[in-house]
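Some notes on the structure that comes next.
Chain A is the first sequence line, chain B the second, and so forth, proteins listed ahead of strands; every chain is numbered from 1.
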There are 2 protein chains.
Amino acid sequence: MEIKPVTLKDIAKALGMSTSTVSRALNDSYEINENTKKLVVDYAKKVDYRPNPIALSLKENKSWSIGVVVPEVANNFFSMAINGIEDEANGCGYHVVICQSHESLEKETQNVKHLATRQIDGLLISLSGKTTDIGHIMHYSRSPYSVVFFDRVPEAGNYHKVVADNFKGAFEATDYLIKAKGITKIAHVTSPPSLSITRERLEGYKAALEKNGIAVDEELIKYVGFEPQDAYDTVNKLIAEKHPEAFFVASDRLALNCYEAFSKHLHYSEKTVPFVGFTNLSVSHLFNPKIFTVVQPAYEMGRNAARILIDSIESKKKVKEFEMITLETKLKFE
Amino acid sequence: MEIKPVTLKDIAKALGMSTSTVSRALNDSYEINENTKKLVVDYAKKVDYRPNPIALSLKENKSWSIGVVVPEVANNFFSMAINGIEDEANGCGYHVVICQSHESLEKETQNVKHLATRQIDGLLISLSGKTTDIGHIMHYSRSPYSVVFFDRVPEAGNYHKVVADNFKGAFEATDYLIKAKGITKIAHVTSPPSLSITRERLEGYKAALEKNGIAVDEELIKYVGFEPQDAYDTVNKLIAEKHPEAFFVASDRLALNCYEAFSKHLHYSEKTVPFVGFTNLSVSHLFNPKIFTVVQPAYEMGRNAARILIDSIESKKKVKEFEMITLETKLKFE
DNA sequence: TTGTACGCGTTATCAG
DNA sequence: CTGATAACGCGTACAA
């Protein structure tokens with residue numbers, strides 16, 4: 001039952017010609033007799049010949065694969081982004097190798113090194129919550145152009161980046177809470193300050209407060225890690241000490257973690273506290289108490305990031321530029 | 001900035017010896033002088049030499065990669081299973097190529113063929129909702145032993161399989177509804193009848209009814225596809241026509257789809273209707289009205305499937321046997 | 001129009 | 001102990 005793949009050599013032997021003739025015929029070379037060509041092509045199809053991509057990779061020094069490093073897969077934002085990445089990549093003949101950093105810098109470094117060793121042609125990465133500098137990433141990349149950061153990107157430096165308009169999304173959500181709901185005491189539970197998304201969303205939140213003449217209360221702003229317990233404790237403490245009228249939580253994972261604690265305080269939350277998440281939770285609209293969400297274009301971010309990477313890999317021109325795409329978020333009410 | 005990886009040849013040239021010596025030194029061959037060995041190893045570390053896996057693959061006819069085909073990634077059950085697969089595979093030096101069938105037989109066939117072309121060493125697959133026969137899968141596998149089915153497995157035939165104890169899980173859930181809640185009119189919304197999980201869960205459901213002396217009402221059993229609209233319509237129709245006291249919904253995706261419709265009938269559901277899902281939704285406990293769930297050991301299923309596959313790939317013995325693992329589900333109450 | 005020879009990076013075999 | 005050579009599958013410059 002063991003199947004040995006058909007090689008060029010097999011075909012050549014069967015048809016009594018040389019491997020190069022077969023190779024050229026299959027690549028539709030202009031310098032091959034039409035009859036020979038047809039003969040070869042038909043036979044190849046008959047025996048289901050498929051070129052060995054490993055041999056090609058070795059020859060061309062190109063693996064036709066791109067690496068993806070995300071904090072976790074079991075997360076709606078990232079799995080939707082991966083959808084986009086796969087669609088674009090597969091459409092262009094690439095396959096995708098996915099690694100998870102589990103929010104650890106060490107794991108992330110291992111992943112990047114592992115992928116580099118696997119000869120990936122390019123890298124798509126969303127930084128871990130512990131990452132503050134990207135030396136370990138650039139060190140293992142073929143060139144600065146063969147890396148595209150998405151969502152969680154480095155603040156400084158010129159690189160390919162695909163992000164959501166985090167400032168605007170946060171601004172709109174906060175502004176809505178104030179204007180439409182008349183709420184002024186809004187807690188902001190957000191990711192570690194090292195992440196770009198954290199700062200941008202925080203700025204949006206602050207800008208909306210200021211625009212509406214509300215003083216920023218630093219005690220309402222909490223940075224938490226991605227461990228469930230962190231968010232749980234923080235929410236409980238906030239409720240006990242600051243009695244916020246609303247929560248603005250700044251990511252998928254965080255929203256999940258917070259909500260757990262939050263749902264323990266139903267008597268409190270059912271009355272007035274709206275819960276706003278910067279999330280792609282597919283189920284957010286099913287929660288009770290209701291939350292509304294700043295939805296990120298996760299699929300599009302993945303798709304765009306992959307496109308930029310592949311363009312960059314395949315671009316022959318020497319002078320390249322870094323691309324930077326900012327996609328709009330969408331406020332989703334219940 | 002373009003980095004060219006260091007090769008054996010580079011090291012050989014730099015150290016003034018032959019590539020074979022360098023190769024043997026790095027592979028700790030017994031027939032190499034300790035001094036030479038140390039010299040080579042130190043230098044290799046200094047220049048960060050990493051063997052080119054593509055060259056190795058070509059030589060060994062082994063890609064050190066395994067393929068995974070799942071219906072979708074943005075699904076908690078599958079993303080958790082992928083976690084398990086990656087952990088096991090990476091631990092054994094393999095990397096994982098993930099493809100999504102999107103519940104389409106055609107896509108699934110393409111995926112399997114694509115993976116075969118990429119020279120994967122083995123395949124892990126959970127069948128699409130449209131798959132009724134696995135000819136297309138076995139056709140492209142190296143051997144029947146290099147395929148492991150998990151969760152959604154073929155009914156007939158001898159193959160490696162990793163499944164949950166679907167019968168028992170469904171039985172326990174149904175039995176609980178009857179015994180603890182005193183409910184007798186339980187609707188069962190389930191996946192297409194072509195899937196193994198569908199039949200097993202249905203059997204469990206029926207067995208529990210029968211054991212408790214309740215007649216099976218076939219009109220309470222609905223097979224639906226994975227399109228959101230299917231479930232939505234089905235739930236509405238069931239509520240209008242049959243007034244079930246409880247819903248037992250048989251998968252992650254289905255539960256999500258049903259719940260949408262379900263939450264529109266809050267006046268109805270808040271009173272009495274419990275909702276039981278065969279799911280791994282990380283958020284199920286946050287829903288309101290509450291549901292309880294038959295939780296599958298998704299991570300463990302992935303991990304076990306990968307282990308069996310790798311064992312099988314690496315096993316040298318000629319006589320092999322098919323492994324079949326059944327893991328326990330867990331009833332999770334609120 | 002077709003065949004021969006080489007190289008991609010590595011290891012195994014055979015000489016020395 | 002170490003070096004030269006073949007082989008894995010493919011494409012292509014060079015020869016015929």
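Using the six-membered ring where Trp is involved, A:Tyr145 and A:Phe322 have ring planes that are parallel, under 30° apart on the 30 and 60° scheme.
For the salt bridge (charged side-chain N to carboxylate O under 4.0 Å, His left out) test, residues two or more places apart in sequence or in another chain that qualify with B:Arg50 are B:Asp48. When the side chain to side chain contact (heavy atoms under 4.5 Å, CB included) test is applied to B:Val96, the partners found at least two apart in sequence or on another chain are B:Ile66, B:Val68, B:Ile85, B:Glu86, B:Ala89, B:Ile98. The side chain to side chain contact (heavy atoms under 4.5 Å, CB included) test applied to B:Tyr299 returns B:Asn83, B:Asp87, B:Arg303, not counting sequence neighbours. B:Phe77 meets the ring-ring contact (aromatic ring centres under 6.0 Å, His included) test with no other residue; sequence neighbours excluded. Residues meeting the salt bridge (charged side-chain N to carboxylate O under 4.0 Å, His left out) test with B:Glu300, sequence neighbours left out: none. Every residue meeting the side chain to side chain contact (heavy atoms under 4.5 Å, CB included) condition with A:Glu34, not counting sequence neighbours, appears here in chain and number order: A:Lys37. Residues meeting the side chain to side chain contact (heavy atoms under 4.5 Å, CB included) test with B:Lys130, sequence neighbours left out: B:Leu105, B:Ser128.
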Exercise for the section: Any chance you could list the contact pattern along nucleotides 6-13 of chain D? Use B for base contacts, S for sugar-phosphate-only contacts and - for none, protein heavy atoms under 4.0 Å, 5' to 3'. Expected result: -BBBBBBB
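Side-chain atoms of A:Ser196 come within 3.5 Å of backbone N or O of A:Val153 as a donor-acceptor pair. Side-chain atoms of A:Ser141 never come within 3.5 Å of backbone atoms of A:Pro144 as a donor-acceptor pair (strictly under, hydrogens ignored). With A:Asn52 contributing its side chain and A:Ile54 its backbone, the two residues share a donor-acceptor pair below 3.5 Å. Between the A:Ser18 side chain and the A:Ala12 main chain, no donor and acceptor come within less than 3.5 Å of each other.
At a threshold of 4.5 Å between non-hydrogen side-chain atoms, the residues B:Val70 and B:Asn75 do not count as touching.
For residues 34-46 of chain B, proximity to DNA chain C is found at no residue, defined as any non-hydrogen atom under 4.0 angstrom from a strand atom. Listed in residue order, the members of residues 114-121 of chain A having a heavy atom less than 4.0 Å from DNA chain C come to none.
When all heavy atoms are compared, the tightest approach of B:Trp64 to A:Arg118 is CB-NH2, 3.6 Å.
Under a 4.0 Å N-O distance rule, the pair B:Arg307/B:Asp311 qualifies as a salt bridge.
Helix bend of the helix from C:dT1-D:dA16 to C:dG16-D:dC1: the angle between its two end axes, each built from five pairs, comes to 60° after rounding to 10°.
Taking every nucleotide of DNA chain C with any atom under 4.0 Å from a non-hydrogen atom of chain A, the first and last of them, 5' to 3', are C:dT1 to C:dG9.
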